[in-house]
Protein chains: 2
Amino acid sequence: MALVTLKQIAEKLGISITTVSKALKEYPDVSKKTRKLVRETASMLNYKPNSFAVNLRTKESKIIGLIIPVIVHHFFSSVIKGIVAQAEKKGYLVIILQSNESYELEKKQIDLLLSKRVDGILISLANETADFKHLNQVISQETPLVMFDKIAKIVKCSKVIIDDRKAAYKATQHLIDIGCKRIAHFRGPLLPQNSIDRFLGYKKALIDNNLEYDPSLVYICECGEMSFEEGKKNASQLLKDHKDIDGIFINTDLVAIGAMTELIKQGVKIPEDISVVGFSNWFMASIISPSLTTINQPGLEMGKNSFKLLYKEIKERKKKKTINYKELVLETELVIRDSTKN
Amino acid sequence: MALVTLKQIAEKLGISITTVSKALKEYPDVSKKTRKLVRETASMLNYKPNSFAVNLRTKESKIIGLIIPVIVHHFFSSVIKGIVAQAEKKGYLVIILQSNESYELEKKQIDLLLSKRVDGILISLANETADFKHLNQVISQETPLVMFDKIAKIVKCSKVIIDDRKAAYKATQHLIDIGCKRIAHFRGPLLPQNSIDRFLGYKKALIDNNLEYDPSLVYICECGEMSFEEGKKNASQLLKDHKDIDGIFINTDLVAIGAMTELIKQGVKIPEDISVVGFSNWFMASIISPSLTTINQPGLEMGKNSFKLLYKEIKERKKKKTINYKELVLETELVIRDSTKN
DNA sequence: TTCTAAATCGAAAACGTTTTCGATTTAACG
DNA sequence: CGTTAAATCGAAAACGTTTTCGATTTAGAA
């Protein structure tokens with residue numbers, strides 16, 4: 001029952017551990033005959049190399065860490081899937097941690113992963129995170145690091161993102177194109193870069209089209225959680241504050257769906273009275289009614305590419321090459337549905 | 001930059017490696033004075049024990065493996081969240097793998113996890129899986145194993161499930177209670193136990209209420225994927241086959257939502273003409289219109305409890321106790337919404 | 001046959017930790 | 001001061017692998 005070791009194979013064949021090890025790795029300095037013999041008895045005894053020993057000797061674990069703000073989330077679970085699939089192809093396993101949008105947890109988890117000596121770390125930042133010492137620590141320990149989606153521009157590492165500003169601009173421009181004149185924006189929390197960028201894209205589209213930018217039309221998510229309830233709350237407030245709104249660009253599909261629910265409940269017709277555009281293209285957006293116009297955010301692709309960049313850095317570091325960080329910007333597209341038909 | 005080892009601390013203080021190690025673990029046979037000294041210099045030098053060496057020595061990795069059929073899935077991502085959170089509390093990390101409902105992949109992934117020498121494995125079976133040698137291999141290697149949701153009854157290990165039969169019975173009974181006489185069932189694929197059990201619950205409810213059980217009203221998911229499209233396809237076929245249907249119990253919310261979409265498109269009124277009950281209580285079910293009556297399946301709880309059972313077995317094995325497997329059945333509840341109002 | 005080169009093997013160190021057990025020092029007491 | 005017990009320490013083995021480098025064997029050529 002106890003697991004087989006090189007030593008046992010060696011004893012069984014009356015040869016040295018060294019030779020067994022080399023035979024299994026097809027070293028040219030062990031004869032074809034013994035190589036074959038060793039291979040056969042190894043598989044007969046169902047030998048599996050002891051990862052712990054291999055790790056210690058080779059100083060690598062073939063495991064990477066992934067820190068993500070939330071797991072139960074259409075976009076992020078797609079990212080996870082992309083990362084796990086791509087990693088498996090290259091022989092890497094993925095440890096997943098959820099930061100719960102908390103900076104403190106994120107810090108602890110980075111520490112945990114470093115102490116486990118993972119071969120690399122993938123991270124999408126918590127909304128709270130405004131200080132980056134923990135990330136710089138990763139870099140200074142020469143552990144490969146790649147950030148995706150919710151990134152910090154200042155941190156020197158590879159990144160995979162979308163152009164949030166451009167996408168938000170596209171979304172807002174679409175509202176303008178179909179005739180909206182007074183467009184509100186439900187934005188995300190203050191800190192995260194993508195929340196800021198989406199807001200800036202919205203603002204720029206207004207200005208470029210000679211529409212007034214009115215700060216009172218921008219609703220910030222104060223609770224930090226982009227929920228269905230948040231959308232209902234904001235929509236309700238918006239109807240009280242402004243009677244003349246004819247379009248809303250909303251930071252996240254889930255919030256947009258909450259907003260639409262509240263608007264409809266209060267008798268607003270979508271898209272006749274108010275057009276709504278979301279962001280992310282959750283599956284849900286396609287099946288509610290009215291179906292939601294939104295920006296497609298390629299989660300799977302983002303996951304795959306993030307791992308690829310990390311893998312590249314792992315390889316480069318092993319070869320002691322100088323590594324140059326890449327910033328990959330993935331394409332987004334506007335998916336037009338019933339919430340903005342004119 | 002190179003990482004600090006016990007040896008370096010020992011040399012710096014002019015004491016032995018042994019003492020340093022023991023001091024950091026608060027052994028009583030090293031004086032309080034040296035203990036303090038060691039602790040201080042260790043934290044000063046930012047010492048982190050080398051996991052690889054610790055693993056090799058202690059023969060445990062503090063990592064568990066999780067194999068799941070799909071990641072992008074409301075129920076399963078909730079389970080993941082539950083497991084990861086609970087594991088973290090006990091100092092364990094979680095490696096996640098997606099079997100993609102494939103038996104071959106599942107086998108490979110079990111092998112991978114065993115060769116990584118994880119301290120335990122959590123698994124929800126692929127739909128395809130009908131042979132359990134790979135699982136019995138886990139057990140015979142004395143690696144703790146817990147199955148959840150999609151389980152195999154024959155395999156001797158702890159399990160966390162819901163009573164699918166009872167839940168399906170409840171769902172069907174509800175349809176009967178509101179007056180349905182001809183109730184169809186969209187079931188899952190042939191193999192998985194929960195697909196079978198939900199079907200049996202449906203059938204038993206009919207019989208107990210003196211309603212005819214008509215096999216032609218049961219639609220099997222042949223493609224093996226419980227998708228939105230599957231629901232549309234089945235609903236369309238159902239309308240062709242049977243004109244007198246007044247209720248449908250559907251294996252999964254996603255399929256139910258697809259079915260409702262198709263029904264509405266074809267002019268059927270829900271719930272006036274046909275009442276629909278889903279299964280799982282995805283978030284989506286609460287926000288579509290009409291909102292979907294469904295069975296709440298506690299994903300988070302299932303995840304937490306699965307880890308707890310695994311943890312229990314890990315502890316028991318370490319103490320060489322005899323382990324007795326548990327089968328935990330979690331409660332479900334019927335959530336009544338607009339798709340079945342009478 | 002003898003010498004040289006190539007082919008084949010194995011001893012040993014190393015990775016960094018944990019833990020056993022024996023050695024040494026200190027304290028306590030008669 | 002001598003004896004004993006308690007307190008404190010460290011040498012060494014062990015976990016299982018990888019890899020260097022030297023040793024031995026074999027084959028080939030002269």
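Atom set for the values below is all heavy atoms of this structure, side chains included, hydrogens, waters and symmetry mates excluded. Labels below follow one simple rule: chain letters A, B, ... track the order of the sequence lines, proteins then strands, and each chain is numbered from 1.
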Less than 4.0 angstrom between a side-chain N/O of A:Tyr47 and OP1 or OP2 of D:dT17, yes or no?
yes

Write down the distance between OH (A:Tyr27) and C1' (D:dC21), rounded to a whole number of angstrom.
13 Å

Expressed in angstrom and rounded to an integer, what is the separation of B:Leu24 atom CG from C:dG16 atom P?
16 Å

Along nucleotides 6-13 of chain D, 5' to 3', which nucleotides get a B, which get an S, and which get a -, given that the test is a protein heavy-atom distance under 4.0 Å?
--BBBBBB

Ion pair A:Glu104/A:Lys108, N-O distance below 4.0 Å:
no

Short heteroatom pairs, N/O only, protein and nucleotides 25-27 of chain C, under 3.5 Å:
none

Measuring only between side-chain heavy atoms, which start at C-beta, is B:Ile110 closer than 4.5 Å to B:Leu135?
yes

Specify the separation, in whole Å, of atom CG of B:Leu3 and atom C1' of C:dT17.
15 Å

Side chains of B:Asn50 and B:Leu3: closer than 4.5 Å at any heavy-atom pair?
no

Measure from CD1 on A:Ile9 to C1' on D:dT17 and round the result to the nearest Å.
12 Å

Strictly below 4.0 Å, N to O, side chains only: are B:Arg117 and B:Glu60 in salt-bridge contact?
no

Should B:Asn55 and B:Ser61 be marked as a side chain to side chain donor-acceptor pair (under 3.5 Å) after you check the CA-CA gap, both sets of side-chain angles, and the distance that decides it?
CA-CA 5 Å; B:Asn55 291 346; B:Ser61 58; 5.7 Å; no

Starting at atom CD of B:Glu60, determine the distance to atom P of D:dG16, rounded to an integer number of angstrom.
15 Å

Does a salt bridge link A:Asp29 with A:Lys22, judged by any charged N lying under 4.0 Å from a carboxylate O?
yes

Tell me which one of A:Gln109, A:Glu106, A:Lys107 satisfies side chain to side chain donor-acceptor pair (under 3.5 Å) with A:His134.
A:Glu106

For B:Phe52, report the nucleic acid contact type (base, sugar-phosphate, nothing); a contact means any heavy atom under 4.0 Å.
nothing

Distance in angstrom units between A:Leu56 CG and D:dT17 C1', rounded:
8 Å

What is the separation between atom CD on A:Glu26 and atom P on D:dT19, rounded to the nearest whole Å?
15 Å

Give a yes/no on whether any side-chain N or O of B:Lys25 is located under 4.0 angstrom from OP1 or OP2 of C:dT17.
no

Take the protein atom CG of A:Leu6 and the nucleotide atom C1' of C:dA14, then report the distance between them rounded to whole Å.
16 Å

Does the pair B:Glu101/B:Lys150 count as a salt bridge with the N-to-O cut at 4.0 Å?
yes

Between B:Phe76 and B:His73, how do the two ring planes meet: parallel, tilted or perpendicular, split at 30° and 60°?
tilted

If you look at every strand shown and take non-hydrogen atoms under 4.0 Å, does B:Ser21 touch a base, only sugar-phosphate, or nothing?
base

